[in-house]
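See below for the structure under consideration.
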Amino acid sequence: MAGNGERWPDRAEWAGKIYSAGWRASEGGTRQVIEPASGHVLAEVGVASPADVAQAGVRAARAAGDWAAAFPSDRAEILLRASSALREHRDTFRDWIVRESAGVPAKGDYEIIAALAQLTHAVGLVSLPRGEVLAAQAPGGTSLAWRVPLGVVGVINPWNAPLLFAMRALAPALALGNAVLLKPDPLTPVSGGVLVARLFEDAGLPDGVLHVLPGGAETGQAVAADPHVAMVSFTGSTEAGRAVARVAGEGLKRVSLELGGKNSLVVLEDADVAAAALAGAVSTFGYQGQACVAAGRHLVHADLVEAYTDALVGHARSMRVGDPRVEGVTVGPVISARQADRVERIVDASVAGGARVLTGGRRDGLFYPPTVLDHIDRAMPVFTEEIFGPVAPVLSFHSEAEAVEIANDTAYGLTAAVHSGSVPRATAVAGQLRTGMVHINDVSAKDAANAPFGGMGISGNGSRIGGTASLEEFTQWRWMTAPGPV
Ligand code: NAD
């Protein structure tokens with residue numbers, strides 16, 4: 001990735017540019033992409049200014065009509081070709097995900113597999129029935145209602161799963177006949193933007209249907225405000241989600257918000273403690289805890305808490321921290337100094353308030369080791385805030401009711417996991433948790449292309465992405481009547 005000799009994608013084509021009906025220079029200048037593990041400059045991409053976004057909006061609106069009118073099978077064919085191109089270039093995708101987002105290669109593979117599933121699932125969306133024949137109000141008349149594309153969809157994404165989050169919005173939006181303005185995070189514009197544009201270019205997507213507009217909050221605001229954008233699909237923090245919703249609300253646009261979480265992994269006293277601790281370790285330490293669906297609270301029955309905590313500490317200590325490209329490393333650096341500062345602040349303030357560090361708890365630059373804390377008080381930031389780092393606060397409880405009460409003691413409501421030897425019992429507890437997703441005897445961090453992903457409370461605005469929910473999200477109703485048959 002030194003800059004020369006790359007077969008695909010040809011760097012000379014995209015370096016320093018944005019993608020908007022072809023690769024072009026931007027008014028917003030350029031921005032370097034830095035590898036978190038080494039500090040090396042990996043690339044330079046174009047930054048889309050508000051004026052670039054406005055031009056992209058015009059181009060997208062122009063292209064959207066023909067794309068919406070294309071045969072569904074032609075749209076499906078392009079998605080299938082994008083899927084083949086992703087398989088063909090999977091090593092390139094993995095390398096970029098590893099280097100840009102600082103995940104281990106298995107994280108890159110996971111994103112690729114999940115992105116492929118999104119494409120496959122979107123092909124299926126193309127053929128779903130989309131309408132209803134209604135009883136007409138006059139004899140012999142016609143009354144039809146069906147879903148039509150929205151037009152231009154703006155997609156604003158974070159850095160933590162750049163390829164997967166791009167694809168989970170793009171694939172259904174395109175399949176259902178929309179054009180898309182994609183704004184990747186400035187930290188991961190290549191795996192979350194440039195490579196995605198190249199895939200669809202290779203797949204033969206008509207010019208102007210997809211635009212990739214790297215940039216920060218200003219670019220995101222311009223996408224949300226653009227008069228041609230009918231809907232904004234946002235994934236990121238609750239704070240930025242609010243800012244996007246304010247702007248989009250002013251334009252009376254549809255907004256889909258997939259936001260943060262403070263997710264509990266609940267371990268009842270009849271659980272398999274080893275399996276629960278492994279699920280807990282994966283849910284909190286995987287990809288350095290930088291997932292909206294990471295477990296941010298480990299709630300363990302008092303009878304098991306010692307055994308569970310010992311096992312969790314064992315997993316934490318067995319994980320090797322370092323450059324994710326080095327074999328055997330399972331925990332890379334957190335994405336940025338800002339993120340490392342945040343994790344440090346949350347842990348240090350909690351320790352100052354009486355939390356006990358059982359392992360970890362001290363950073364080395366961007367490298368934050370898997371950390372287990374107990375003696376947790378509910379006023380501590382480690383309990384109240386989304387951490388987004390490899391930190392597991394462990395709390396004990398004495399009854400199911402207490403476990404449910406602690407788990408629901410948050411304004412977030414994204415996901416949860418419940419562990420028990422009895423699946424019906426775990427299911428009953430799960431039913432009392434106020435979350436959009438819940439998993440029995442499993443990790444908290446799951447997603448599937450055919451499932452409606454999303455949260456309650458401040459984890460979202462009631463929207464869901466994935467499965468047939470995407471059909472609702474990325475289309476709108478039209479009702480038509482005629483006095484006779486049509
Ligand atoms: P962030 O909200 O700072 O950034 C996300 C995206 O929004 C980026 O593209 C950023 O440039 C853009 N942005 C930031 N401020 C903006 C503004 N005022 N107007 C328009 N766009 C703006 O997110 P982050 O902190 O980098 O990412 C982590 C957060 O994302 C966590 O809270 C995590 O839980 C959440 N997340 C949620 C999901 C989900 O599906 N629910 C998935 C992954 C991450």
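Whatever order the structure lists them in is the order used to number ligands and atoms, beginning at 1.
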task = Answer yes if the side chains of S38 and E35 hold a donor-acceptor pair under 3.5 Å, and no otherwise.
result = yes
task = Could you list which atoms of ligand 1 come closer than 4.0 Å to a heavy atom of A240?
result = 2 (O), 14 (C), 15 (N), 16 (C)
ask   = So does R362 have more than 12 non-hydrogen atoms from other groups sitting under 6.0 Å from CZ?
value = no
request  = List in chain and number order the residues that pass side-chain hydrogen bond (donor to acceptor under 3.5 Å, both in side chains) with D207, two or more places apart in sequence or in another chain; answer none if no residue qualifies.
outcome  = none
key: Pairwise distance CD(E100) to CG(L195) - rounded to 0.5 angstrom   = 7.5 Å
Atoms in ligand 1 with a heavy atom of W159 nearer than 4.0 Å = 24 (P), 26 (O), 27 (O)
inquiry  = Can you tell me which portion of Q290 lies within the under-4.0 Å heavy-atom range of ligand 1? Options are side chain, backbone, both, or neither.
reply    = neither
request  = For A243, counting its heavy atoms only, list the atoms of ligand 1 lying under 4.0 Å from any of them.
outcome  = 18 (N)
ask   = What do we get for N160 next to ligand 1 when only non-hydrogen atoms under 4.0 Å count, side chain, backbone, both or neither?
value = side chain
note = Going by the 4.0 angstrom heavy-atom rule, the piece of P186 near ligand 1 is side chain
query = Within 45° of the six-membered ring axis of W477 and under 6.0 Å from that ring's centre, is NZ or CZ of R147 located there?
reply = yes
ask   = Who's closest to atom 19 (N) of ligand 1 heavy-atom-wise, of Q221, R342, R246?
value = Q221
note = re atom 41 (N) of ligand 1, the protein heavy-atom contact at minimum distance is L259 O, 2.6 Å
key: Shortest protein heavy-atom distance from atom 4 (O) of ligand 1, along with the residue and atom involved   = D185 OD2, 4.0 Å
query = In terms of atom number and element, which parts of ligand 1 are under 4.0 angstrom from non-hydrogen atoms of G220?
reply = 20 (C), 21 (N)
key: Step-by-step side-chain contact (heavy atoms from CB on, under 4.5 Å) determination, V153 to V229   = CA-CA 6 Å; V153 172; V229 169; over 6 Å; no
task = State the CE-CZ distance between M319 and F285, to the nearest 0.5 angstrom.
result = 7.0 Å
request  = Check each of I156, T235, V247 against atom 5 (C) of ligand 1 and report the one with the nearest heavy atom.
outcome  = T235
query = Are R168 and F453 in a cation-pi setup, meaning NZ or CZ lies under 6.0 angstrom from the ring centre and within 45 degrees of the ring axis?
reply = yes
Closest protein heavy atom to atom 32 (O) of ligand 1, given as residue, atom name and distance to 0.1 Å = E386 OE1, 2.7 Å
query = Roughly how far, to the nearest 0.5 Å, is the CG atom of L373 from the CD1 atom of I387?
reply = 7.5 Å
query = Would you say G216 contacts ligand 1, with heavy atoms under 4.0 Å as the rule?
reply = yes
request  = Report, in ascending order of atom number, the atoms of ligand 1 lying under 4.0 Å from any heavy atom of F234.
outcome  = 2 (O), 6 (C), 7 (O)
task = List every atom of ligand 1 that sits less than 4.0 Å from any heavy atom of V244, numbering the atoms from 1 in the order shown and giving each element.
result = 19 (N), 20 (C), 21 (N)
ask   = Do the numbers put K262 on top of the ring of Y412, so that NZ or CZ is under 6.0 Å from the six-membered ring centre and no more than 45° off the axis?
value = no
key: Residue of the set D91, T92, D202 for which side chain to side chain donor-acceptor pair (under 3.5 Å) holds with W8   = D202
ask   = Which of the atoms of ligand 1 are close to C292, meaning less than 4.0 Å from one of its heavy atoms?
value = 33 (C), 34 (O), 36 (N), 37 (C), 38 (C), 39 (C), 40 (O), 41 (N), 42 (C), 43 (C), 44 (C)
query = When only distance counts, is K183 in polar contact with ligand 1, meaning an N/O pair under 3.5 Å?
reply = yes
task = Please report which non-hydrogen protein atom sits nearest to atom 35 (C) of ligand 1, along with the residue it belongs to and the distance in Å to one decimal place.
result = G236 O, 3.1 Å
inquiry  = Is there a polar contact between ligand 1 and R168, counting only N or O atoms under 3.5 Å apart?
reply    = yes
message = Using heavy-atom distances only, which candidate in A217, S237, G455 approaches atom 1 (P) of ligand 1 most closely?
response = S237
message = Are W67 and F200, when compared by the centres of their aromatic rings, separated by less than 6.0 Å?
response = no
note = Taking only non-hydrogen atoms of E258 and a 4.0 Å limit, the atoms of ligand 1 in range are 37 (C), 38 (C), 39 (C), 40 (O), 41 (N)
inquiry  = One residue to check: N157. Relative to ligand 1, which of side chain, backbone, both or neither has a non-hydrogen atom less than 4.0 Å away?
reply    = backbone
ask   = Can you tell me how far the CD1 atom of I97 sits from the CD1 atom of I112, to the nearest 0.5 Å?
value = 5.0 Å
